Each structure stands twice: as structure tokens, then as C-alpha cells.
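These notes are about the structure you will find just below.
Everything quoted here is computed from the prediction, not taken from an experiment. Just so you know, ligand 1 is whichever comes first in the structure, and atom 1 is the first atom listed for that ligand.
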Amino acid sequence: MAAMHDDRDTIVAIATAPGAGGVGIVRLSGPRAAAIGRALCGGRALPVRRALHARFVDADGATIDDGIALRFRAPASYTGEDVVELQAHGSRAVLQQLVERCQALGARGARPGEFSERAFLNGKLDLAQAEAVADLIAAGDARAARAARRALEGEFSRRVAAIAAELLAVRVHAEAAIDFADEPLDTLGGGALRARLDAAVDALAGLLADAERGRKLRDGLHAVIVGPPNAGKSSLLNALAGNDRAIVTDIAGTTRDLLQETVRIDGVELTLVDTAGLRESQDLIEREGMRRARDELGRADIALVVLDARDPGAGRADVDAAVAGVPTRLWLLNKSDLLTAPPAPPPGMAGALPVSARTGAGLDALHARLRALWQGDAGEDAGGAFTARARHVDALRRAAAELDAARDALAAEALDLAAEALRAGHDALGEITGRTAPDDLLGHIFSTFCIGK
Ligand SMILES: Nc1nc2c(ncn2[C@@H]2O[C@H](COP(=O)(O)OP(=O)(O)OP(=O)(O)O)[C@@H](O)[C@H]2O)c(=O)[nH]1
Ligand SMILES: [K+]
Ligand SMILES: [Mg+2]
């Protein structure tokens, strides 16, 4: 991990959210933070970790505002550097003047996420923990916030690090055995080696499953609405979202492009994507729409399959093929308002729900079904759940593939191949905590943070 950099510049930003508030905070970090803070407080030295009530003054001593100054000495601060926080009245004009005064005194405006980036570079947080800071700030409900806290506290990182350490040990053992290639592996502790690798494979599989749940906790569920033309897909999107975003007409093939809406149903964040109806068509635009629909299904947690309740078999073949790979499929028999008797459940559509996008009938049952799915998927908050990101899941999957390769290589007594796969698996895990993350990935991650964080 990088050592602390005393040659770094000192950065400044407003740390509180835009808009007026009772209190607003300006944060400084870097070697000149204490000196700049002192100058702003009219030359009064800032005590460490104690509140100082002070007047904040400009260059000619005129008061900008009065408030509280707090100083943290490196390395015992959020960034690991000298940090000063100025709490003033939460006026944008006041906070901006304080920032400008800090800049005149030698600080530089911080880039988005730069405080967290410095915390990462100074070893205060690993990358997954820094990402958890951003996830905590963005958490939409208490459960997501608790899960982000757990990731921030290192719950996720510790499990990654434990597996990484195990892989390193197995690799060292395998590399040592390469020098004795004439001897059978079993006389060189091959059995123990395989057992350790098997245990690491199991631990990684468990972590991957938890990270996939954590990804859903963070991102919500991704539901794609599909079905034959005119079944009422766009009408259903509008009914669930409570607006009229999607164009609805009685012309088959109305929807061409993907249309996305984020809705919150019983506390569950759901991304809904409306798609073009699936059918044989020579129309170029419509075909491109269907291609996009199929593509989108590749990212779906749930397919909401909308069928016309009066003829649920119509167009089924295209739809069944398109949703075959989606983890969860929910069959909706729409336009149930046009039926005189409840529809008989069609074959192969266990648990099909009659609904009506027009009258709203059955939508409560659909909400309940989605909620149950969410709880089954993301897990009840029984403890241990942590937030994770798609990039973490991806890295864990790559690590798992490398471990499989290492296992095969060990079985074939190809020790050099096994060692190579173990190294690649170890590197994939290192991307999660940032140990082996390339600079452009780091830059990308921190640039998505807000300024002042
Ligand atoms: N009676 C009744 N009509 C509905 C219902 N849902 C949709 N419709 C009607 O069915 C027609 C098609 O609705 P859309 O929502 O455009 O259907 P779609 O599946 O998005 O159609 P495409 O985008 O063309 O594939 C419209 O005339 C709607 O008013 C419903 O629940 N009941
Ligand atoms: K239509
Ligand atoms: Mg439509």
C-alpha cells in the first residue's frame, strides 16, 4: 500500500449536500490543512480533535461567518492526512466563500471522490470499502444502508482477503513442488494441496453467492417486460410506474426502443424495462427493437412475460425461447378485465397471474410476488448481508474460473499451469480490494463519487 505522501497538495471542497441547510461543512485535507485552517480562524491554532468556536475571516479580517473548526492529525483522520473541517451556516454563498478563501491560501478544489481516493491510497480503506462509502451515501432504504455499512466495516473485504491468502499459500506449495517434478505429487503433499484448493473453491462459491445478493441489494431488481405485440406491455409499465411514459396504441409493433423506469414497490427498487413485442417481422426498426429486447433479457433478474389472457398461447414460441435463460420468469395474463370467467392456467406457466393494466386488477398480487422474490433473492436481513457491485461479482466469477482451471491442472499434475491459474485467480481477487486494480479502474471508480467525499 502506498505510503503517505507529504508532497501532496492540500484539497478543499464543500462536504455537505447542495442546497441550504442549518449547517454546512467545508473539508480540507493535506499537509497545509492545519495552516490554512488557522489562517481562516484569524490566526488561532486549531486544537486536535476538539471543537473550536471561531470567526472565519477573509484576507482583510472581515468575518465570512462564525462556526466550529475541527482538526484531525495525520494519520488519524478519514483520509489519513491532516484534515480540517469547518462547520458554518449551511448557506451556499458562505460555503463557497470559505472554499475560495482556502484556495487563496493554497488549497486546490478537490475532484469527485478525492478524499476517499486519498483514504484508499493511504491504506485507511481498501477499494471495496471506499465503494461502500459511496453506496452508503446512495442507499435508498435502511436495509441497503446496513448492508453498505457491513461492506464499509470490511465484512466483504475480509472474506476476499482470506481466500486470497489461501490461494497464495497453495501456490507457494505448488511452486515448491515444481522443482521435484520427477516425483509423484502425492509424495510431495499433493493430497493436502488438493484439499486446500477444494476448500478455497467452496469458500469462493459461497462468497460469490453472497456478492450476487449484495449486488441486488445495491442495484435493486432488474425486470424486463416481454411478450407478443399488443399484449399490453407498455400499458403494464405505465400502470406499475404510475405515469404515461410509454406510448400505448392498439397498433401491434408500437414500442420499438427500450424504455426504462425505476419504481419502488413496497420498498423494493425495481428497474422496469419495456420492450418491443416479439414476433416475425420484416420491418428493420422493429427487428432492431426485438434484438435490443433479447439483449436486455441477458441482463434481467426477472422476465415479466405479458400475454393476452384471452389467448395466452399466441406468440408463445418466440417468447419462451427469449426468456429461457432468465433466472426468474413471471407469467402475467393481461386484459383479464375482458374475461367473464377467470382464465384457466395455461400449460407450462405455473403460478400465472391474471392482471389488468387497464383496471389495475391483480397488480397488488404482482407487487406481493415481486416482494417475495426480492426477499428470497436478496435474503432477509438476517445479518451478514453486504453490498457489492457488478464489478465485484465479475471479478469473483473470473477468480472461480481460474480456480477450476487450477484444480484441473493439479489433477493432471501440471504444476506450472496450476501455479499460473492460482496467480491469475489471486489477481482477480486483488482487483476487488484494489491491490491489483489498474490506475484507470481506480480513476473511474472514484470519479463516480460526489465532490467532497
Ligand atoms: N381491456 C384492456 N386493454 C388493454 C389492457 N392493457 C392494454 N390494453 C390495450 O391493448 C392495446 C395494446 O397495448 P400496449 O400497451 O400498447 O401493448 P404492447 O404490448 O406494449 O404493444 P407493442 O408495443 O405494440 O408490442 C392498447 O389498445 C391498450 O389500451 C388491459 O389490461 N385491458
Ligand atoms: K401496441
Ligand atoms: Mg408497447
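Interface of G277 with ligand 1, defined as ligand atoms under 4.0 Å from a residue heavy atom, comprises 25 (O). Counting atoms of ligand 1 from 1 in the listed order, those under 4.0 Å from a heavy atom of L338 are 1 (N). Interface of A252 with ligand 1, defined as ligand atoms under 4.0 Å from a residue heavy atom, comprises 24 (O).
A donor-acceptor pair is defined here as one N or O able to donate and one able to accept, closer than 3.5 Å; such a pair exists between the side chain of N334 and the backbone of A357.
Relative to the six-membered ring of W331, R316 meets both conditions, a distance below 6.0 Å and an angle of at most 45° to the axis. Figure legend: R27 and F115 shown as a cation-pi pair, the cationic atom lying under 6.0 angstrom from the six-membered ring centre and within 45 degrees of its axis.
Contact check on K216 versus D210 returns no salt bridge, with no Lys/Arg side-chain nitrogen under 4.0 Å from an Asp/Glu carboxylate oxygen. Electrostatic pairing of E114 and R108 counts as a salt bridge here, judged by a charged N lying under 4.0 Å from a carboxylate O. Electrostatic pairing of R389 and D135 counts as a salt bridge here, judged by a charged N lying under 4.0 Å from a carboxylate O. Using a 4.0 Å cut-off between a side-chain N of Lys or Arg and a carboxylate O of Asp or Glu, D198 and R407 qualify as a salt bridge. Salt-bridge annotation for E296 and R292: absent, with no side-chain N of the basic residue lying under 4.0 Å from a carboxylate O of the acidic one.
Using the six-membered ring where Trp is involved, F446 and F120 have ring planes that are tilted, between 30° and 60° apart.
At least one N, O or S atom of S234, from either the backbone or the side chain, sits less than 2.8 Å from the Mg ion (ligand 3). At a cut-off of 2.8 Å, T255 coordinates the Mg ion (ligand 3) through an N, O or S atom.
Only the backbone of I251 comes within 4.0 Å of ligand 1, judged by heavy-atom distances. At a heavy-atom distance under 4.0 Å, atoms from both the backbone and the side chain of D250 approach ligand 1. Contacts between N230 and ligand 1 below 4.0 angstrom, taking non-hydrogen atoms only, involve backbone and side chain alike. With a 4.0 Å heavy-atom cut-off, ligand 1 is reached by no atom of D274. In S235, the parts holding a heavy atom less than 4.0 Å from any atom of ligand 1 are both the side chain and the backbone.
Scanning the protein heavy atoms around atom 1 (N) of ligand 1, the nearest turns out to be D337 OD2, 2.9 Å. Among all non-hydrogen protein atoms, the one lying nearest atom 28 (C) of ligand 1 is V248 CG1, 3.6 Å. Considering only non-hydrogen protein atoms, atom 6 (N) of ligand 1 sits nearest to N334 ND2, 3.1 Å. Of the protein's non-hydrogen atoms, the one nearest atom 23 (O) of ligand 1 is T255 OG1, 2.8 Å. Looking only at heavy atoms of the protein, atom 29 (O) of ligand 1 is closest to R358 NH2, 2.9 Å. Considering only non-hydrogen protein atoms, atom 26 (C) of ligand 1 sits nearest to T249 O, 3.5 Å.
D301 places none of its side-chain heavy atoms less than 4.5 Å from the side chain of T328. With a 4.5 Å cut-off on side-chain heavy atoms, L410 and L193 count as touching.
Atoms CZ and CG, from R371 and L373 in turn, are 12.0 Å apart once rounded to the nearest 0.5 Å.
Looking at G232 next to ligand 1, an N or O pair under 3.5 Å apart turns up. The shortest N or O to N or O distance between G253 and ligand 1 is below 3.5 Å. By the 3.5 Å distance cut-off applied to N or O atoms, P229 is not counted among the residues near ligand 1. For A357, a nitrogen or oxygen atom sits less than 3.5 Å from a nitrogen or oxygen atom of ligand 1, counting backbone and side chain alike.
Shown here is L168, whose CG atom has more than 12 heavy atoms of other residues, nucleotides or ligands within 6.0 Å. For H222, the NE2 atom is densely surrounded, since the number of other residues' heavy atoms within 6.0 Å is greater than 12. For I285, the CD1 atom sits in a loose shell: 12 or fewer heavy atoms of surrounding residues, nucleotides or ligands are nearer than 6.0 Å.
Evaluated for a side chain to side chain contact (heavy atoms under 4.5 Å, CB included) with T275, the options L259, D257, V224, T255 yield exactly one hit, V224. The side chain to side chain contact (heavy atoms under 4.5 Å, CB included) test with Y78 is passed by exactly one of K453, K124, R118, E85: K453.
Among K335, E286, K233, the residue whose heavy atom sits closest to atom 30 (C) of ligand 1 is K335. Comparing S356, G360, S234 against atom 20 (O) of ligand 1, the shortest heavy-atom distance belongs to S234.
Within the structure, the closest approach of G227 to ligand 1 does not fall below 4.0 Å when heavy atoms are considered.
Tally of protein N, O or S atoms closer to the K ion (ligand 2) than 3.4 Å: 4.
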